[in-house]
Asker: 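Once you've had a glance at the structure underneath, I'll fire off some questions.
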Amino acid sequence: MIEISSIYKNFEEQAVLKGITAVFDSGKTNLIIGRSGAGKTVLLKCIVGLLDPDKGKIKYDGRDIVTFNKKEKMLLRREIGMLFQSAALFDSMSVLENVMFPLDMFSNMTYKERIKRAQFCLDRVNLLEAQDKRPDELSGGMQKRAAIARAIALEPKYLFCDEPNSGLDPQTSLRIDDLIHDITKEYKITTIVNTHDMNSVMGIGDHILFLADGNLSWEGNKDEILHTTNETLNDFLFSSDILRKVRNMAKK
Amino acid sequence: MILIDSIKTFGEYLLLMKRVIAKPERWRVFFRQMLHEMYQLGVNSIPIVLLISFFIGAVICIQLKLNIESPWMPKMVVGYSTREILILEFSSSIMCLILAGKVGSNITSEIGTMRVTQQIDALEIMGVNSASFLILPKITALMTMIPILVIFSIAAGTGGAFSIGKFTGIMTPEDLMIGFQYEFQQWYVWCSVIKSFAFAFIITSVSSFYGYRVTGGSLEVGKASTNAVVSCSALILFADMILTQLLMQ
């Protein structure tokens, strides 16, 4: 479980996060949604420790990382898996080597055990056949799956995904969403997904936070979101003509 | 303003070096990386070092022959001067200037691309000291390979001078050989190697610094590569002046 309380972050004069408080439970897919520039990425970066908040607390199962020194942060990060918007696979390594990388660095497994574990993770994301390929030989969806395999290699307690569906077609996006959701349930991970993909919201949103102008504007789940009276959220959700028509039809 | 910016940049460089010079998390991974970098930065540079040194050696020999030839000058002076130029300056300083262009831009663009494609963030998130993981193997690898490159350069330059003498007939090989061997100072070769260690550190650390601090996209990576090569070249020349003064006194 991750708890954040009163998170503030300014960049020079501009206030990006204005006192956000939330709890992210384990075994649930927690989504952070909002318009571009709402502060989603900054919040995620603060939570994973890539940025230090100006004020506030971020607790990983009771451990406040804001008070952690560099070494403590590094140790905590070994419990974290992260899926980046660009997948961020290492170009110089094959897919198998990418997945083996965290095992090489932090596990005491033998070489055979590391290969076995990496192949298990690749199999879990249905990518075993591409283990010898280089990242640039993979499609966008395959790269994301390889990145998920790398993120789960060390059996993390916390999984963070920054725009996992960006640049993917709707079908591949659904597959990535399902994979994230299944892995979260299977390993009881605390997962936080940063997205503005409405399919993800409706598909895997166990817990949804809507950010607007650096504030937490709405909080709920995928069943509650359709009935919200929050105007800013409604504007965001039904910003496309098709979705507006679907909503009007449903109302009728 | 420029002075303040320069001091700030130097401070950032020192802070990065503090992170770089740390005990590797896994020696096995470190040595694997180092071997890879020795191949990438060192072995892959051998052809260009041999090629350039061979021709420069030949050109130095021709120029000396044409410009200092005199009935009063012993014939072996051409070989002697060619050797001294190659050992004292060309094979360490000028060769490292050339390597700053090849290796330096390569390092900056590699690390810069890793930065803009979030690969460095991925390393940080995993709990890896990305600065040490990426930069330390490059520094140690080039510092290990540089004496070999310097020796190869001296040999190729001497070979170039010898070949031009032999095949064009402007000098007899015997006169050149006497010059090459005349008053040979072993210490000069050591000076060249010592200077090249410093230059290897400058090339790898400065280029890595420029790559590591890239923000933006491919355009910024390109600019960083150019800046890295310019800075490395200036620093190599500055260090050359100081080291030559210190070592040759």
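Only a predicted model underlies this, so the values are computations on that prediction, with no experimental measurement involved. Reminder, nothing fancy here: chain letters follow the sequence lines and each chain counts from 1. Keep in mind that the numbers below use all heavy atoms, side chains included, and drop hydrogens, waters and symmetry copies.
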Asker: Answer yes or no: is there a donor N or O on one side and an acceptor on the other, between the side chain of B:S93 and the main chain of B:F90, under 3.5 Å?
Answerer: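 A pair under 3.5 Å: no.
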
Asker: In terms of ring plane angle, is the pair A:Y158 and A:Y60 parallel, tilted or perpendicular, where the classes change at 30° and 60°?
Answerer: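 Because their plane-to-plane angle is over 60°, the rings of A:Y158 and A:Y60 count as perpendicular.
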
Asker: Of the backbone (N, CA, C, O) and the side chain (C-beta and beyond), which part of B:E25 lies under 4.5 Å from a heavy atom of chain A, both, or neither?
Answerer: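 It is the side chain, since no backbone atom gets that close.
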
Asker: What is the distance from atom CD1 of B:I48 to atom CG of B:L149, rounded to the nearest 0.5 Å?
Answerer: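 So the CD1 of B:I48 and the CG of B:L149 are separated by 11.0 Å.
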
Asker: Please state whether the side chain, the backbone, both or neither of B:V128 comes within less than 4.5 Å of a heavy atom of chain A.
Answerer: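 Contact with chain A is through both the backbone and side chain of B:V128.
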
Asker: Check each atom of A:F101 against the heavy atoms of chain B and say whether the ones under 4.5 Å are side chain, backbone, both or neither.
Answerer: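 Just its side chain gets close to chain B.
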
Asker: Counting heavy-atom pairs under 4.5 Å with chain B, which one of A:K73, A:M105, A:R78, A:E79 comes out on top?
Answerer: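 Most heavy-atom pairs under 4.5 Å with chain B: A:M105.
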
Asker: Looking at B:T108 and B:S207, would you say the former's side chain and the latter's main chain have a donor-acceptor pair under 3.5 Å?
Answerer: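 Such a contact is found between B:T108 side chain and B:S207 backbone.
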
Asker: With chain B, which of A:R114, A:K45, A:Q85 has the greatest number of heavy-atom pairs at distances under 4.5 Å?
Answerer: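 That would be A:R114.
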
Asker: Can you find a side-chain donor-acceptor pair between B:Y212 and B:R19 that sits under 3.5 Å?
Answerer: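 A donor-acceptor contact under 3.5 Å links the two side chains.
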
Asker: Counting heavy-atom pairs under 4.5 Å to chain B, which of A:L83, A:L154, A:L76, A:D91 comes out on top?
Answerer: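 It is A:D91.
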
